[in-house]
Q: 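Please see the structure below; I have some questions.
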Amino acid sequence: YDERVDGLASHFVWTNRSKESLSLDVKQDAAAQVLDQLLAKADVLVQNLAPGAAARMGLSFETLHERFPRLIVCDISGYGEGGPYEQKKAYDLLIQSEGGFLSVTGGPGETEMAKAGCSIADIAAGMYAYTGVLSALMLRDKTGEGSRVDVSMLESLVEWMGYPLYYAYKGATPPPRAGAAHATIYPYGPFPTGDGGTVMLGLQNEREWLAFCDKVLLQPELAQDERFSSNARRSEHRTELRALIVEAFSHLSAEEVIARLDAAPIANAHVNDMAGVWAHPQLKARQRWSEVDSPAGRLPALLPPGRNSAFAPRMDPIPALGQHTDSLLAELGYATGDIQRLHEQGAV
């Protein structure tokens with residue numbers, strides 16, 4: 001899609017670290033033989049072809065299970081097997097739409113929807129594929145046999161939509177679009193400051209509301225205002241309350257507001273752009289940045305979340321497409337001449 005990372009695609013760099021890349025034209029008999037040899041050694045096959053495509057190539061779980069009983073097969077699709085949507089094409093933004101995500105994002109008004117800035121439906125499906133595969137591996141340890149994991153992008157994202165779904169239970173009014181502010185808790189969202197900056201802040205209870213009025217706004221009397229006497233009433237009168245907060249912050253810089261919030265203490269955050277995240281002091285202090293090799297040279301890479309005291313994470317290079325084709329074929333026992341013939345046939 002792009003060449004933003006020293007000529008490499010940003011998605012490719014993000015998702016392919018520590019992988020080996022083998023290219024196969026699996027519609028060719030010679031390539032199918034290579035795939036069989038790989039499957040004989042593999043723990044898991046993950047595929048996200050169109051529904052039915054893998055089965056037509058002999059890669060359904062039922063067919064593979066007979067030949068490779070310990071193999072786990074993870075099938076990822078937009079809408080899952082069966083049902084009226086089975087054959088519909090599915091991309092991330094389409095699933096955000098079908099899953100109701102767009103109905104609760106964006107600014108007030110029906111036409112001001114906004115998609116997530118990252119591929120949230122794809123990532124949700126990937127995470128449930130990951131946890132599904134881990135559970136299947138644990139099951140195999142007990143039974144000695146592999147199983148099938150069927151993951152739908154729609155179901156994955158709808159699971160993440162549990163809060164707005166239950167908020168709208170039995171036809172109740174769903175959460176309104178509120179931009180970057182919380183739809184039902186107030187004040188909880190971004191507020192401009194006098195130096196042109198923006199500060200994100202959030203209140204969770206009445207104790208924090210009292211501290212906010214007293215130590216941040218320096219208007220302790222505001223805590224007694226009946227319009228703002230509970231979260232429900234603050235949310236109902238958010239327009240008036242926002243105007244009061246914006247006026248109070250208009251005389252302060254973003255850092256001054258954050259200093260008051262920290263002293264209160266009230267939860268807050270900078271509204272960082274990508275440059276701000278690259279330079280984030282917390283990531284630097286915890287030494288979360290590493291480097292990996294790539295076809296474009298050394299590139300920065302964030303260490304995987306979740307430190308484990310027993311081991312350091314693998315941070316292997318980002319491969320070029322098909323970079324490991326020859327070495328993996330050699331690992332399977334192919335001689336140099338055989339590998340050359342596979343190339344000449346277009347099987348690899």
Side-chain angles (χ1 to χ4, degrees), residues 101 104-108 114 116-118 120 123 160-164 166-167 174-289 302-303 305-307:
F101 184 87
V104 296
T105 60
C118 62
I120 189 171
I123 296 168
W160 285 8
M161 293 293 292
Y163 153 65
Y166 282 119
Y167 190 87
R177 290 194 177 101
H182 197 284
T184 58
I185 302 174
Y186 205 81
Y188 189 170
F191 293 89
T193 57
D195 61 349
T198 303
V199 171
M200 183 75 71
L201 65 91
L203 276 64
Q204 294 288 321
N205 52 53
E206 298 312 303
R207 176 185 56 79
E208 290 185 346
W209 168 241
L210 294 175
F212 182 69
C213 293
D214 184 26
K215 298 181 179 180
V216 179
L217 299 181
L218 306 184
Q219 300 177 43
E221 69 282 357
L222 196 61
Q224 310 306 317
D225 193 313
E226 190 61 27
R227 296 173 297 173
F228 313 131
S229 59
S230 68
N231 174 67
R233 293 187 64 78
R234 289 191 292 274
S235 191
E236 179 185 354
H237 297 282
R238 65 172 59 202
T239 300
E240 301 99 297
L241 181 51
R242 177 176 175 79
L244 293 170
I245 296 172
V246 170
E247 166 57 26
F249 287 1
S250 67
H251 308 289
L252 302 169
S253 68
E255 291 305 320
E256 288 171 330
V257 170
I258 286 175
R260 287 191 185 185
L261 291 166
D262 284 340
I266 301 294
N268 65 84
H270 296 87
V271 181
N272 283 320
D273 57 13
M274 292 301 96
V277 178
W278 276 114
H280 203 290
Q282 184 68 4
L283 297 175
K284 181 179 180 180
R286 281 174 52 82
Q287 300 179 319
R288 300 310 294 162
W289 290 107
L302 189 68
L303 291 167
R307 286 180 172 175

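Any value given below was found using the heavy atoms of this structure, including those in side chains, with hydrogens, waters and symmetry copies removed.
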Q: Where do R242 and T239 land on the side chain to side chain donor-acceptor pair (under 3.5 Å) test, with the steps shown first?
A: CA-CA 5 Å; R242 177 176 175 79; T239 300; over 6 Å; no
Q: From L261 CG over to E208 CD, what is the distance, rounded to the nearest 0.5 angstrom?
A: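 Interatomic distance, L261 CG to E208 CD, rounded to 0.5 Å: 10.5 Å.
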Q: In the structure I gave you, are the side-chain heavy atoms of V104 and Y163 within less than 4.5 Å of one another anywhere?
A: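 A side-chain contact is absent here, since even the closest heavy-atom pair is not under 4.5 Å.
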Q: Can you name the nearest heavy-atom pair linking E226 to R233, along with the distance?
A: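 Here E226 and R233 meet closest at O-NE, 2.7 Å.
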Q: For R286 versus R307, what's the shortest heavy-atom pair and its separation?
A: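 Smallest interatomic distance, heavy atoms only, reads O-NH2, 2.5 Å.
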Q: Can you see which heavy atom on A178 is nearest to which on A183, and at what distance?
A: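 Closest pair (atom of A178, atom of A183, distance): CB-CA, 3.9 Å.
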Q: Apply side-chain contact (heavy atoms from CB on, under 4.5 Å) to residues L302 and W289 and explain how you reach the verdict.
A: CA-CA 5 Å; L302 189 68; W289 290 107; 3.8 Å; yes
Q: For R238 versus A181, what's the shortest heavy-atom pair and its separation?
A: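 It is NH1-CB, 4.2 Å.
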Q: Show your working on side-chain contact (heavy atoms from CB on, under 4.5 Å) between E236 and Y186 and close with a plain yes or no.
A: CA-CA 9 Å; E236 179 185 354; Y186 205 81; over 6 Å; no
Q: So, for G197 and A254, which heavy atoms are closest and what is the spacing to 0.1 Å?
A: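 Smallest heavy-atom distance, with atoms named: CA-CB, 4.5 Å.
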Q: Closer than 3.5 angstrom, by distance alone: can the side chain of D214 be matched with the main-chain N or O of Q219 as a donor-acceptor pair?
A: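 No, because the side chain of D214 does not come within donor-acceptor range (under 3.5 Å) of the backbone of Q219.
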Q: With rounding to the nearest 0.5 angstrom, report the CD1 to CD1 distance, I266 to I258.
A: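 Going from the CD1 atom of I266 to the CD1 atom of I258 covers 13.5 Å.
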Q: Does Q282 offer a backbone N or O that forms a donor-acceptor pair with the side chain of H280 under 3.5 Å?
A: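 Yes; judged by distance alone, with no hydrogens or angles, the pair exists.
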Q: Measuring from L210:CG to K215:NZ, what's the distance to the nearest 0.5 Å?
A: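 These two atoms lie 11.0 Å from each other.
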Q: Tell me whether F191 at atom CZ has more than 12 heavy atoms from other residues, nucleotides or ligands lying less than 6.0 Å away.
A: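 Enclosed.
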Q: Checking side-chain contact (heavy atoms from CB on, under 4.5 Å) for the pair L252/T193: CA distance, chi angles, key distance, verdict?
A: CA-CA 6 Å; L252 302 169; T193 57; 5.7 Å; no
Q: Does any part of the side chain of F249, heavy atoms only, come nearer than 4.5 Å to the side chain of T198, both counted from C-beta?
A: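 A side-chain contact under 4.5 Å is absent here.
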Q: Run the side-chain contact (heavy atoms from CB on, under 4.5 Å) check on L217 and L244 step by step: do they pass?
A: CA-CA 9 Å; L217 299 181; L244 293 170; 5.8 Å; no
Q: Kindly compute the distance separating CE (M200) from CG (N272), expressed to the nearest 0.5 Å.
A: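 Taking CE in M200 and CG in N272, the distance rounds to 10.5 Å.
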Q: Any chance CD of E221 has more than 12 other-residue heavy atoms, nucleotides or ligands included, within less than 6.0 Å?
A: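 Yes, CD of E221 has more than 12 neighbouring heavy atoms, counting only those of other groups under 6.0 Å.
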Q: Taking the six-membered ring for Trp, are H237 and F228 parallel (under 30°), tilted (30 to 60°) or perpendicular (over 60°)?
A: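 H237 vs F228 ring planes: perpendicular.
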Q: Strictly distance-based, threshold 3.5 Å: is any side-chain N or O of R234 a donor or acceptor partner for the main-chain N or O of P187?
A: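 A pair under 3.5 Å: no.
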Q: Atom CG of N268 and atom CG of D262: how far apart are they, to the nearest 0.5 Å?
A: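 So the CG of N268 and the CG of D262 are separated by 4.5 Å.
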Q: Report yes if some heavy atom in the side chain of R260 is under 4.5 Å from a heavy atom in the side chain of L218; otherwise report no.
A: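 Yes, their side chains come closer than 4.5 Å.
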Q: Quick check for you: to the nearest 0.5 Å, what is the distance between Y188 atom OH and S235 atom OG?
A: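 Rounded to the nearest 0.5 Å, the OH-OG separation comes to 13.5 Å.
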Q: Please tell me if the side chains of F212 and L222 come closer than 4.5 Å, counting only heavy atoms from C-beta onward.
A: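 A side-chain contact is absent here, since even the closest heavy-atom pair is not under 4.5 Å.
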Q: Looking at every non-hydrogen atom in both residues, tell me the closest pair between L241 and W209 and how far apart they are.
A: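 Shortest heavy-atom separation between L241 and W209 comes out as CD1-CH2, 3.8 Å.
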